[in-house]
Amino acid sequence: MSKPGRGGSDSGDAGAQDRGTDVQAVLAALDATDTAALAEAEAGDYIAQLSEILTRADLAYHRDDAPVISDADYDRAKRRLAELEAAFPALARPDSPTGQVGAAPSEAFGKVTHAQRMMSLGNAFSDEEVTDFVGRVRSFLGLGAEAELDFTAEPKIDGLSLSLRYENGVLVQAATRGDGTVGENVTANARTISDIPQELSGDVPEILEVRGEVYMSHADFAALNAGDGARVFANPRNAAAGSLRQLDAEVTRSRPLRFFAYSWGEVSAPLAETQIGAVKRLASIGFQTNPLTRLCHNAKDMIAHWALIEAQRASLGYDIDGVVYKVNNLGYQARLGFRATTPRWALAHKFPAETAWTRLNGIDIQVGRTGALSPVARLDPVTVGGVTVSNATLHNEDYIAGVNSNGEKIRDTDIRVGDWVKVYRAGDVIPKISDVDEAKRSGAEQPFAFPETCPECGSAAIREPGDAVRRCTGGLICPAQAIEKLKHFVSRGAFDIEGLGAKQVEAFYHDDTLPIRSPADIFTLKARDDANIPKLKNRDGWGETSASNLFEAIGARRHIPLARLIYALGIRHVGEVVAADLARYYGNWASFAAEVDAAIPAAERHMEADEAVLHERAAAASEGRRARVSATRDAVLARAPALPGEAVAAYESLINIDGIGAVVAQSLCATFAQAREREMIETLVALLDPQDAEQPDTEGSAVAGKTIVFTGTLEKMTRAEAKARAEALGAKVAGSVSSKTDILVAGPGAGSKARKAADLGVEVIDEDAWLSLIG
Ligand code: IVH
């Protein structure tokens, strides 16, 4: 293997020596320092310096063929950086030159659009949630308690997922998950993994995408970290990810990666009729499948198998973080289908979090994009489940005080600076503090006074009734909120602009020559740079290529999928799933915006009613009496003057969208009603060319684009399944009948909805007619 060395033991030219001195100075300083004792800020500085040195060295070597530092220095710098990243994982950058977290420069690998999306899994943390899951599946499928419903249960491997495409039994492509839709092409690297067959044995479908997990065993991980390699990885998962995403496939070959197959994507012919059958088939054609995969007949069996796997967890020799349950019957899986990002037919039952005790050194307040003031615990670094933790969330002021939002005690004492606290981590979730050791108190611990002004902009920070968090009222004048909004805007599920990550956004925000202070500024960046005298390409850290790549990447994102655009706006309660639902329902930006605007008066009326109710209840409580009977939202609404029918209809169709309720609707309307926010959104959208929502393949569908309401009892399928089928055929399913309803499907027992449909002249059909309509 050729080392990505910098050209011999010493490099000759003067420029090289300058930078060589940089690296030596940094390395000398680090040699004189105990890495573990570094403060986080210092570690951050070192990480930044080393990353820059290594990135420059890589560019000089690979792009310019003009090495600037010696092999030995390069290796030492890389090793130092890896050590720092292992000690301070939170500081490791996704684009780190060690390649151990996230991707190597992503343009290095070609992009692959998955023929079928790679999904994630819903999580459960308790037995009860498993029972609920089984109940949900039964009810979706309309199965009675006696009907047979089996599940497979298998370990959830803590590695990274990989999709392998075989055509006529020959491996033609391997791709990482990426964002689920588009991944990275790592075919050359995957070919070096011995668990991955190049050719399949026996009779296999012409097209077969096999999915599974790449992982590294504990023993191999320990040997890799102890070896003479220039890298120290924080845990086997990072080691596996870093090893797979190597530009040089020979590096991957030298790493002991393994692969378990557990699922599939596109297949030209079904593998089997059951999940367990398909897994057996995968094993028979040459894949490793997990030996702890079992068939379970009910929730009790599943939980028992979970306990059995958990008991073996420490001795398995590789990391797992839970058990995955999957509906065994593949026909049922097809009927159950998917929510936005997860299948309805599978569930990950996680193991309890790992915990450790450490000292709380301080509490900092961070201001998020919605203005929420979040307390962050600064801790003495401690290892929890193989990862060093030095920060943890403390949720909100109630949590620190030791009460829940109803004022009930959740703990015997408050959390004080100087306390011994118990930290836990569950999977990828941010570390949290679950307990305080009161017995260890010396008396010097300081109770925490939660600030009532924003630490970033000084505006009042207030807590609305019913809100668990205190929020800065500074809006976009608060730099922290503006920056967080921008970071969200460019994040992965949102605009995801290559070359414009959180770090760059923050730098541009503070830049006076070429500032980005609102999302629209991103799309005027090039025009402004063209008009400027000092050009971006001439700045430190930038060049002709990087600047033009950035402008190109921004330009390409003007044509943005509607769901991403809605999500990117960073509206409270509008996450990726809700944004996808809204996009699917409204189809294009113009109807979405028009409908939200139209719904504003009704949403405001509802919010006022809710406030009046809260008020009355609070007044009653403080006077020691019961709240008036009229203190309900409906009663207040009934007393208010009538609203235009259009507003009511728009609001109702909004809250009737599956998965969207009053909370989302009110948050959307409140945002659109604020003149400044609305103007910002308009300015942004005027610079974009939003794509209409992808409609499901509705060729031959008689119901595409129609609004359907189901009522009464359905006998051939459950309501949930009927809805999912209708949506898959491009129909919109609403919860109540309005002038917008096209068809009411009424089963026995249909009541007021059928009458309303008749009044409005809406077509009413029975279940059989519905089934023949959808074929
Ligand atoms: S099934 C459509 N089975 O967990 C369902 N996933 O949290 C596809 N994972 O992205 C996933 N072990 O990377 C499945 N036995 C297993 C798994 C497993 C690990 C990973 C996979 C997935 C993630 C979701």
Side-chain angles (χ1 to χ4, degrees), residues 102 114-125 129 133 137 151-164 174-184 186 190 195-196 209-217 235-238 240-241 244-245 257-267 271 274-276 278-280 282-283 287-296 302 305-306 309-310 312-313 316 318-328 330 332-351 426-429 492-493 576-577:
H114 296 297
Q116 266 182 29
R117 269 197 74 175
M118 289 184 79
M119 295 292 192
S120 33
L121 292 168
N123 288 327
F125 296 91
E129 288 172 277
F133 164 67
V137 170
F151 291 84
T152 56
E154 70 202 57
K156 183 171 189 298
I157 315 297
D158 197 5
L160 71 154
S161 49
L162 189 67
S163 186
L164 304 168
T176 61
R177 179 174 185 280
D179 63 5
T181 307
V182 179
E184 287 166 344
V186 289
D195 282 349
I196 295 179
E209 281 182 7
V210 175
R211 291 177 176 175
E213 205 83 353
V214 174
Y215 68 101
M216 192 179 282
S217 75
N235 54 44
R237 210 196 79 82
N238 282 2
L244 182 67
R245 290 157 138 172
L257 294 175
R258 299 169 184 227
F259 181 79
F260 273 130
Y262 52 64
S263 171
W264 55 95
E266 190 183 354
V267 282
L271 286 174
T274 59
Q275 178 74 31
I276 200 94
V279 171
K280 285 190 181 139
L282 289 173
F287 289 97
Q288 299 299 323
T289 57
N290 196 286
L292 285 167
T293 308
R294 291 279 182 288
L295 192 62
C296 302
M302 292 151 74
H305 193 53
W306 178 88
I309 293 177
E310 201 207 2
Q312 299 187 32
R313 183 180 185 186
L316 285 179
Y318 50 87
D319 278 352
I320 62 172
D321 57 350
V323 171
V324 183
Y325 306 126
K326 296 170 189 169
V327 168
N328 188 41
L330 298 185
Y332 285 167
Q333 284 193 7
R335 280 175 61 191
L336 285 153
F338 298 88
R339 287 180 229 94
T341 55
T342 57
R344 287 196 189 85
W345 44 264
L347 181 75
H349 185 183
K350 297 292 202 69
F351 292 136
D428 289 335
V429 186
R492 208 172 193 198
E576 276 180 278
V577 175

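Atoms within a ligand are numbered from 1 in the order they appear, just like the ligands themselves. No hydrogens, no waters, no symmetry mates; every other heavy atom, side chains included, goes into these values.
Listed here is the closest heavy atom pair of M216 and P236: O-CB, 3.7 Å. Across all non-hydrogen atoms, the minimal contact from N123 to K350 is OD1-CE, 3.5 Å. Annotation for L164 and A190: closest pair CD2-CB, 4.4 Å, computed over non-hydrogen atoms. L336 and V137 get closest at one heavy-atom pair: CD1-CG1, 3.8 Å.
Considering backbone and side-chain atoms alike, P343 places every N or O at 3.5 Å or more from each N or O of ligand 1. Residue-to-ligand polar distances keep W345 apart from ligand 1: every N/O pair is separated by 3.5 Å or more. At least one N/O-N/O distance between P155 and ligand 1 falls below 3.5 Å. At least one N/O-N/O distance between S161 and ligand 1 falls below 3.5 Å.
When hydrogens are left out, the protein atom nearest atom 5 (C) of ligand 1 is L121 CD2, 3.8 Å; that is the closest non-hydrogen contact. Nearest to atom 23 (C) of ligand 1 among the protein's heavy atoms is K156 NZ, 4.0 Å. At the top of the distance list for atom 15 (N) of ligand 1, counting protein heavy atoms only, stands E154 OE2, 2.7 Å. Of the protein's non-hydrogen atoms, I157 N, 3.0 Å is the one closest to atom 12 (N) of ligand 1. Nearest protein heavy-atom neighbour of atom 14 (C) of ligand 1: Y262 CE1, 3.2 Å.
In this model, no donor atom of one side chain and acceptor atom of the other lie less than 3.5 Å apart for E209 and Q116.
Every atom of ligand 1 is numbered from 1 in the order shown, and the set under 4.0 Å from a heavy atom of M119 is 2 (C), 10 (O).
Residue E213 holds the heavy atom nearest to atom 20 (C) of ligand 1 of all those in Q116, E213, Q333, K326. Compare G122, S263, A153 by their heavy atoms: the one nearest to atom 8 (C) of ligand 1 is in S263.
A donor-acceptor pair is defined here as one N or O able to donate and one able to accept, closer than 3.5 Å; such a pair exists between the side chain of Q333 and the backbone of V327.
Residues passing the ring-ring contact (aromatic ring centres under 6.0 Å, His included) test with W306, sequence neighbours excluded: H349, F351. Partners of Y318 according to the ring-ring contact (aromatic ring centres under 6.0 Å, His included) rule, which considers only residues two or more places apart in sequence or in another chain, are Y215, F260.
Of the options V324, T289, I309, I320, a side-chain contact (heavy atoms from CB on, under 4.5 Å) to E154 is made by V324 and by none of the others.
Only side-chain heavy atoms of V324 come within less than 4.0 Å of ligand 1; its backbone N, CA, C and O stay farther off.
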